Chemist: 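Structure provided below as structure tokens; questions to follow.
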Amino acid sequence: MLPFAAWLSWLIPIVGSVFVPIIFRLNKKAGETYPVLLTSLSAAFSLSIVLDVWGGKVVEEKIKWIPLPDGSWIEAGVLADPLSVLFASIASFLGTLIILYSIGYMEHEEGLPRYYFFMLFFVGAMVGLVLSDNLLQTYIFWEIVGLCSYALIGFWYKKPSAAHAGIKAFITTRVGDVAFLIGILLLYRSLGTFSMREISVGLEELLSKDPSAQGFVIACMLLIFGGAMGKSAQFPLHVWLPDAMEGPTPVSALIHAATMVKAGVYLVARTAFTIAPLEAFRGILAPWYETIAIIGAITAFLAATMGLVMNDIKRVVAYSTISQLGLMFTALGLASELGWFSSQFHVLSHSIFKALLFLSAGVVIHAVHTNNIDEMGGLARKMPLTFIASLFGALALSGIPPFSGFFSKDLIIEATIESGNVVIYLLVVFTSILTVTYTMRWIYKIFLAPPSLESSHTHEAPKVMTVPLLILAALSLLTGFFEEPFMSYIGLHYHFKPSLPAYATSAIILVFGLLLAYAFYLSATLRGMPLINPINIRKSGLGSVLHKILVNRYYIDHAYYKVFVDGTIWLSSKVRKYVEEKVIDGFNYALARATQSFVQAFRYLQTGSSNVNISGYALGIAILLIIFLLLLFGGLHI
């Protein structure tokens, strides 16, 4: 590896981000180029570690960090192994392409120093998060990632919906973050260390001495998973991610492909890889794994159904992200080596094709100035390069061979079959069928449907935006063929081969998914109208009800706003009314009555007669005079 690579890969973008405003003041072009150079350096340092950790090797370095009263130290460190280097490379490499793309996309926007500062800070924090060797350091980067996402989602803060989306993301993810922090503190309280590897040893010793501690360990792991649920938008903490589309498209790409939402997947994978290794903790943590698999499968299915009806070009892709993350968690929750490996292979392929889909969506938005796919259509001829790139991403997301998603999703299907859990298997199958359908709907509405746009000026984006698309499109095609090298990189000494039932399941998924897509959408390109008109379905009794439920996102957001927003406003109004009327006003009235009583008690001393008043003054003067004479002649000592 390059010298100090594991440290410099995150220090360079974090420290370098501080100088972005200064460089922008000197020259705008330099200010735009500078972040690309820093993320390129970060990517070079991250990728240089790959060979050093190939085959499951570990590189660990520590320095003294926080002194403790007993003279010991909490250490800061880096843990470079195949898992952390994979995520660091994804974050820095894709971050470079996305920031390069931003030069064209954000060219005419205000606030560019702020934008590039947070983009750099974001990439650095994510790389630092995955390379941290202890949970305290991880949590600090975890919160920085949350701060950056809040600032970038709400980048157009003058737009109320964008400001609201940023706050919504911040508050929703905080719920999971608090759970994560409690889990960390409980482990530290019990084991006296934040180090992941030391926690692993400590948990084994704790359970060997006291088997009844199993409940405590499971509780800590569930709290840590709570943090992952928030960051990776898993049900019921998924509500922030679709609204996060209010931010600039490169921000959406960075969050979905390289940073924020992948952090939760990394945390669970790290827990099962280092903190509570599968081979040692599989049986002990069975309830933990089952919870992850169930929540992941439910999230995957629900998000896929909502993706069917969304009309915002980015929200469709956002719901696919939630759904695909659900598949990754499902695979991790199967508590098998195949499940763990398939989830990480899907992380790799998903990161690439999801960055491609978001950046392609950004090119379309940049050209047509609308996010509504119902107002698009016919763009395949006007934007052939973007169409081909988008198609590559869509085919990869749909799991159509030979694109990368086919290989990684096939392994997830094989893992669900191996697990023997029929419910999980069916949810994965239905999710995958819907994925094919809504992805083809997305392609049809944007590129193949009859044109809805009157503009004749629609054209391809500048090269600074299209070059990243071409790179990602090529990788979406090629990544799947690196399955065996990826196994060797992780350190697996045997290869997973999908069985006949897995291949059959994949075939069924593709046939049903494409048939649905053809019947409702793609057939219109050949016949002028679809075999089954979606509008007629939406107008039917059951179809109308289902469509309303899906468009309103199962009313989950509505329920949250009713309970937590309207409920808080109602409660605060009641509290304010009670405090004002019962406490503050009551106190004021009581004080007034006490003052009145006090005055009543002394009012008779004031007769209004000048004779009485002068007599009182004379008596007082006489008393003071006597005291003075006694002091003067020493008869009284005070």
Side-chain angles (χ1 to χ4, degrees), residues 2-5 7-48 88-128 144-145 148-149 151-152 155-156 247-255 257-259 351-352 355-356 358-363 365-367 385-386 389 459-475:
L2 294 171
F4 306 106
W7 294 93
L8 293 176
S9 58
W10 57 269
L11 278 170
I12 286 173
I14 284 182
V15 175
S17 64
V18 176
F19 301 100
V20 168
I22 298 172
I23 294 174
F24 259 97
R25 294 200 65 166
L26 297 175
N27 183 274
K28 180 175 180 285
K29 189 107 179 147
E32 293 171 331
T33 306
Y34 174 71
V36 178
L37 289 175
L38 291 193
T39 49
S40 298
L41 281 173
S42 175
F45 279 109
S46 297
L47 290 167
S48 76
S89 299
I90 288 171
S92 55
F93 175 72
L94 293 183
T96 301
L97 293 180
I98 292 166
I99 291 177
L100 175 65
Y101 173 98
S102 297
I103 294 175
Y105 192 89
M106 302 293 290
E107 183 179 7
H108 302 296
E109 295 291 340
E110 297 178 355
L112 289 181
R114 173 166 50 92
Y115 172 82
Y116 284 108
F117 164 79
F118 278 112
M119 291 289 274
L120 264 180
F121 206 34
F122 208 172
V123 171
M126 183 63 186
V127 176
I144 294 174
V145 165
C148 292
S149 67
L152 289 168
F155 175 75
W156 288 315
T249 301
V251 171
S252 303
L254 191 63
I255 289 174
T259 55
S351 296
I352 293 167
L356 173 59
F358 268 111
L359 297 187
S360 297
V363 170
I365 295 168
H366 195 260
L385 192 63
T386 303
H459 54 77
E460 295 285 8
K463 289 182 179 179
V464 74
M465 294 172 67
T466 54
V467 167
L469 294 190
L470 296 177
I471 294 171
L472 292 168
L475 291 173

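Note that this is a predicted model, so its numbers are computed, not measured.
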Chemist: Minimum heavy-atom separation for Ile144 and Ala125, please, with both atom names.
Modeler: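 Ile144 and Ala125 have their closest heavy atoms at CG2-CB, 3.5 Å.
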Chemist: Quick one: CD1 on Ile98 to CG on Leu472, what's the gap to the nearest 0.5 Å?
Modeler: 7.5 Å
Chemist: Atom CD1 in Ile99, atom CG in Leu94: separation rounded to 0.5 Å?
Modeler: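 It comes to 11.0 Å.
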Chemist: For a 4.5 angstrom cut-off between non-hydrogen side-chain atoms, does Met119 reach Leu152?
Modeler: yes
Chemist: Roughly how far, to the nearest 0.5 Å, is the CG atom of Leu385 from the CG atom of Leu470?
Modeler: 5.0 Å
Chemist: Might you point out which heavy atoms bring Met126 and Ala91 nearest each other, and give the distance in Å?
Modeler: CG-CB, 3.8 Å
Chemist: Taking atom CD1 of Ile103 and atom CG of Leu112, what is their separation to the nearest 0.5 Å?
Modeler: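 Those atoms lie 10.5 Å apart.
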Chemist: For residues Pro468 and Leu100, report the shortest heavy-atom separation together with the two atoms involved.
Modeler: CG-CD2, 4.1 Å
Chemist: Of the options Ser89, Ser46, Pro13, which is the one that meets Val127 in a side chain to side chain contact (heavy atoms under 4.5 Å, CB included)?
Modeler: Ser46
Chemist: With distance as the sole test, does Ser42 use its side chain to make a donor-acceptor pair with the main-chain N or O of Ser9 at under 3.5 Å?
Modeler: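 Yes, because the side chain of Ser42 sits within donor-acceptor range (under 3.5 Å) of the backbone of Ser9.
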Chemist: Which pair of heavy atoms, one from Phe45 and one from Pro3, lies closest together, and at what distance?
Modeler: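 The answer is CE2-O, 3.7 Å.
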Chemist: Does Pro248 reach the side chain of Glu109, with side-chain heavy atoms less than 4.5 Å apart?
Modeler: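 The answer is no; the side chains never approach within 4.5 Å.
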Chemist: I need the minimum non-hydrogen distance between Thr96 and Ala43, along with the two atoms involved.
Modeler: OG1-CB, 4.2 Å
Chemist: Tyr116 and Phe24: ring-ring contact (aromatic ring centres under 6.0 Å, His included), yes or no, with the steps?
Modeler: CA-CA 10 Å; Tyr116 284 108; Phe24 259 97; 5.8 Å; yes
Chemist: Any side-chain heavy atom of Tyr115 sitting closer than 4.5 Å to one from Val251?
Modeler: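 Yes, at least one pair of side-chain atoms sits under 4.5 Å.
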Chemist: Parallel under 30°, tilted from 30 to 60°, perpendicular over 60°: which one fits the rings of Tyr105 and Tyr101?
Modeler: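 Rings of Tyr105 and Tyr101: parallel, as their planes differ by under 30°.
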Chemist: Could you measure the distance from the CD atom of Glu32 to the CD1 atom of Ile23? Nearest 0.5 Å is fine.
Modeler: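 That separation rounds to 12.0 Å.
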Chemist: Using a 6.0 Å cut-off, check whether atom NZ of Lys29 has over 12 heavy atoms from anything other than its own residue.
Modeler: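 For Lys29, atom NZ is not crowded (no more than 12 foreign heavy atoms under 6.0 Å).
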Chemist: Show the nearest heavy-atom pair for residues Gly16 and Leu38, with the distance to one decimal.
Modeler: CA-CD1, 3.5 Å
Chemist: Got a sec: does the CD of Glu110 have more than 12 other heavy atoms crowding it under 6.0 Å?
Modeler: no
Chemist: Any side-chain heavy atom of Val123 sitting closer than 4.5 Å to one from Leu254?
Modeler: yes
Chemist: Can you tell me how far the OG1 atom of Thr386 sits from the CD atom of Glu460, to the nearest 0.5 Å?
Modeler: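 Rounded to the nearest 0.5 Å, the OG1-CD separation comes out at 3.5 Å.
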Chemist: Pair Phe93, Leu475 - check side chain to side chain contact (heavy atoms under 4.5 Å, CB included), show working.
Modeler: CA-CA 12 Å; Phe93 175 72; Leu475 291 173; 3.8 Å; yes
Chemist: Spell out, as yes or no, whether a donor-acceptor pair under 3.5 Å connects the side chain of Ser48 to the backbone of Leu2.
Modeler: yes
Chemist: Taking the ring of Phe155 and the ring of Phe118, is the distance between their centroids below 6.0 Å?
Modeler: no
